[in-house]
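Residue numbers count from 1 along this sequence.
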Amino acid sequence: MSNLITIERHILEQQKFFPEASGELTDLLNDVAFAAKLVRREVVRAGLVDILGFTGNINVQGEEVKKLDLFANEKIISAIGQHGRFAIMGSEENEGIIIPPKNETGNYALLFDPLDGSSNIDVNVSVGTIFSIYKLKGDDPCKASISDCLQHGYEQVAAGYVIYGSSVVMVYTTGHGVHGFTYDPTIGEFLLSHENITTPKSGKYYSINEGSYAQFNEGTKKYLDYIKEEDPATGRPYSTRYIGSLVADFHRNLLTGGVFVYPPTTKHLNGKLRLMYEANPLAFICEQAGGRATNGRTRILDIQPTELHQRTPLYIGSVDDVIIAEEFEQGIRP
Ligand code: AHG
Ligand code: MN
Ligand code: MN
């Protein structure tokens, strides 16, 4: 028991990589970990809503019952916003930017997906929270604006996610490796369980919503034919794994190797996933773990964002597997 490392201690130790840091980044990562605990508390009770006698939109305490993604959104905004460490925030659930109270003391911007995979919540399947942190471009927090949120992914100073699964795991990077912590509910702490995660160069899983096959372009269709062919020399066929919660699909492939693809479709010409809340933070983590993340042509972290809720195709995971998927997308492979 002597070498238990809490996430707070680990974050504090990471500060040695930032000699100029004032400890502020440490505080705000701790804020995110705290907010994750609040969301976890609700997520693990999600199935109790019916038997605790919630009726319509009002629960037994006379409180309004919120959809869990909106609840998670409000919890994160209030838990994190009140400390004054962020000057500006952007959430998948809010149309515009959020200026938290006491923002005049904050030097950072937070972008987040409060509950990812929310359609899975009612069926007891893993969901998650994804976050991304940037330093403000200017010196005056009162002048923080949307341009502080629309920075390139490569400018992120930290990113991470929490997966609420068979156990609850928080994974983060500050650009010095990727580290994972498992929540111990008996002591209410995230404990270091996955130090320096590295992803395999290739894997045996591919993750894509193949039900959308008819909406895919020719490159994607050919890729799917390829990945299912029998060829022991290249480890094919790969196995399909698709949960429908990006965080859960990404987390599995990060640890085991594999590729996640959400390509352009006739329904979502620019892909479905969000650049600022989903693709950028996971791309930062993936690259830090030795993987690759692109939109099929361009590195995700190099994309110039133009709007908060911008969407992007996403090819992410093991380097070799992502390159093969890109080559089909670009028509390099026949
Ligand atoms: P969210 O619940 O935050 O809106 O995200 C849902 C996303 C993502 O988690 C998942 O990878 C994707 O939607 C699944 O989309 P399809 O149902 O089209 O496969
Ligand atoms: Mn999402
Ligand atoms: Mn969401």
Would you call Ser118 and Leu68 a side-chain contact if the rule is heavy atoms closer than 4.5 Å? no

What is the minimum heavy-atom distance between Gly106 and Ala87, and which atoms define it? O-CB, 3.5 Å

Which class fits the ring pair Tyr226 and Phe328: parallel under 30°, tilted 30 to 60°, perpendicular over 60°? tilted

Please list every donor-acceptor pair under 3.5 Å in which a side-chain atom of residues 166-175 meets a protein atom from a residue at least two apart or in another chain.
from: Tyr172; atom 1: OH; to: His10; atom 2: ND1; distance (Å): 2.9
from: Thr173; atom 1: OG1; to: Gly175; atom 2: N; distance (Å): 2.9
from: Thr173; atom 1: OG1; to: Gly177; atom 2: O; distance (Å): 2.7
from: Thr174; atom 1: OG1; to: Gln14; atom 2: OE1; distance (Å): 3.2

Would you name the heavy atoms of Ala79 and Ala35 that are closest together and state the gap between them? CB-CB, 4.2 Å

Are any of the side-chain nitrogens in Arg241 or Asp249 under 4.0 Å away from the carboxylate oxygens of its partner? no

Assess whether ring-ring contact (aromatic ring centres under 6.0 Å, His included) is satisfied between His309 and Tyr277, documenting all intermediate values. CA-CA 8 Å; His309 297 280; Tyr277 315 115; 5.3 Å; yes

Say you draw a straight line from CG of Asn107 to CG of Leu25; how long is it, rounded to the nearest 0.5 Å? 11.0 Å

Atom NZ of Lys228: over 12 foreign heavy atoms under 6.0 Å: yes

Determine whether more than 12 heavy atoms belonging to other residues, nucleotides or ligands lie under 6.0 Å from atom NZ of Lys37. yes

If you count every heavy atom of other residues, nucleotides or ligands that lies below 6.0 Å from Lys16 atom NZ, does the total exceed 12? yes

Between Asp116 and Thr129, is there a side-chain donor-acceptor contact under 3.5 Å, judged purely by atom types and distance? no

Quick one: do the Tyr206 and Asn253 side chains pair a donor with an acceptor below 3.5 Å? no

Taking the side chain as every heavy atom from C-beta outward, state whether Thr240 and Ile208 have any atom pair closer than 4.5 Å. no

Starting at CD of Glu42, measure out to CD1 of Ile121 and round the result to the nearest 0.5 Å. 10.0 Å

CA sep, side-chain torsions, deciding dist, call: Tyr183, Phe190, ring-ring contact (aromatic ring centres under 6.0 Å, His included): CA-CA 4 Å; Tyr183 185 72; Phe190 282 103; 5.1 Å; yes

Which distance, rounded to the nearest 0.5 Å, do you find between the CD1 of Ile80 and the CZ of Arg85? 10.0 Å

To the nearest 0.5 Å, what is the distance between CD on Glu307 and CZ on Arg274? 12.5 Å

Can you check whether Ile316 reaches Leu282 side chain to side chain, under 4.5 Å on heavy atoms? yes

Check the side chains of Glu326 and Thr294 for a donor-acceptor pair under 3.5 angstrom, ignoring hydrogens and angles. yes

Return the CD to OG1 distance between Glu13 and Thr26, rounded to the nearest 0.5 Å. 11.0 Å

Leu38 side chain near Phe34 side chain, heavy-atom distance below 4.5 Å: yes

Flag the pair Phe260 / Val322 as yes when at least one side-chain heavy-atom distance between them is below 4.5 Å, and no otherwise. no

For Glu95, does the CD atom sit with more than 12 other heavy atoms under 6.0 Å from it, leaving out its own atoms? no

Across all chains, not counting sequence neighbours, the side chain to side chain donor-acceptor pair (under 3.5 Å) partners of Asn73 are Ser91, Asn94

Quick check: do Val39 and Leu115 have side-chain heavy atoms less than 4.5 Å from each other? yes

Minimum heavy-atom distance between Glu104 and Pro141, given as atom pair plus value: O-CG, 3.2 Å

Drop me the distance from Ile130's CD1 to Leu273's CG, to the nearest 0.5 angstrom. 8.5 Å

Are Gln310 and Thr306 close enough that a side-chain donor and a side-chain acceptor fall under 3.5 Å? yes

Do Arg292 and Ser318 meet the criterion of a side-chain donor-acceptor pair at a distance under 3.5 Å? no

According to a hydrophobic-cluster definition based on side-chain heavy atoms being under 4.5 Å apart (Ile, Leu, Val, Met, Phe, Trp, Tyr only), do Ile285 and Leu111 belong together? yes

Quick one: ring-ring contact (aromatic ring centres under 6.0 Å, His included) pairs with a partner in residues 112-147, sequence neighbours left out? none

Partner residues of Tyr262 under the ring-ring contact (aromatic ring centres under 6.0 Å, His included) criterion, sequence neighbours left out: none

Measure the shortest side-chain to side-chain distance between Phe216 and Thr266 over non-hydrogen atoms and say whether it is less than 4.5 angstrom. no

Candidate pair Ile300 and Leu275, rule side-chain contact (heavy atoms from CB on, under 4.5 Å), full reasoning: CA-CA 8 Å; Ile300 291 288; Leu275 177 64; 3.9 Å; yes

Return the minimal non-hydrogen interatomic distance between Ala325 and Val261, and the atom names on each side. CB-CG2, 4.2 Å

State whether a side-chain donor-acceptor pair under 3.5 Å links Tyr315 with Glu329. yes

Under the salt bridge (charged side-chain N to carboxylate O under 4.0 Å, His left out) test, which residues partner Lys222, sequence neighbours left out? none

Evaluate side-chain contact (heavy atoms from CB on, under 4.5 Å) for Leu191 paired with Thr182, printing each intermediate quantity in order. CA-CA 5 Å; Leu191 300 175; Thr182 302; 5.9 Å; no

Return all side-chain donor-acceptor pairs below 3.5 angstrom for residues 148-157, not counting sequence neighbours, or 'none' if the list is empty.
from: Asp148; atom 1: OD1; to: Lys137; atom 2: N; distance (Å): 2.7
from: Asp148; atom 1: OD2; to: Ser145; atom 2: N; distance (Å): 2.9
from: Gln151; atom 1: NE2; to: Lys135; atom 2: O; distance (Å): 2.8
from: Gln151; atom 1: NE2; to: Asp148; atom 2: O; distance (Å): 2.9
from: His152; atom 1: ND1; to: Tyr154; atom 2: OH; distance (Å): 3.4
from: His152; atom 1: ND1; to: Glu155; atom 2: OE1; distance (Å): 3.4
from: His152; atom 1: NE2; to: Gln304; atom 2: OE1; distance (Å): 3.2
from: Glu155; atom 1: OE1; to: His152; atom 2: N; distance (Å): 2.9
from: Gln156; atom 1: OE1; to: Ser132; atom 2: OG; distance (Å): 2.9
from: Gln156; atom 1: NE2; to: Gly153; atom 2: O; distance (Å): 2.9
from: Gln156; atom 1: NE2; to: Asn280; atom 2: O; distance (Å): 3.1

Starting from the C-alpha separation in whole Å, work towards a yes-or-no answer on side-chain contact (heavy atoms from CB on, under 4.5 Å) for Glu195 and Leu192. CA-CA 7 Å; Glu195 193 167 23; Leu192 182 61; 3.9 Å; yes

Scanning both residues in full, the closest heavy-atom pair of Ala248 with Ile163 reads CA-CD1, 3.7 Å

Answer yes or no: does atom CG of Asp225 have more than 12 heavy-atom neighbours from other residues, nucleotides or ligands under 6.0 Å? yes

Note: Gly180 and Ile197 closest approach over all heavy atoms is N-CD1, 4.1 Å

Is it true that, when you exclude Asp139 itself, more than 12 heavy atoms of the residues, nucleotides or ligands shown sit nearer than 6.0 Å to its CG? no

Do Asp184 and Thr186 pair up side chain to side chain, a donor and an acceptor below 3.5 Å, judged on atom types alone? yes

From CA spacing to verdict: side-chain contact (heavy atoms from CB on, under 4.5 Å), Asp69, Glu93: CA-CA 8 Å; Asp69 43 3; Glu93 298 293 343; 3.7 Å; yes

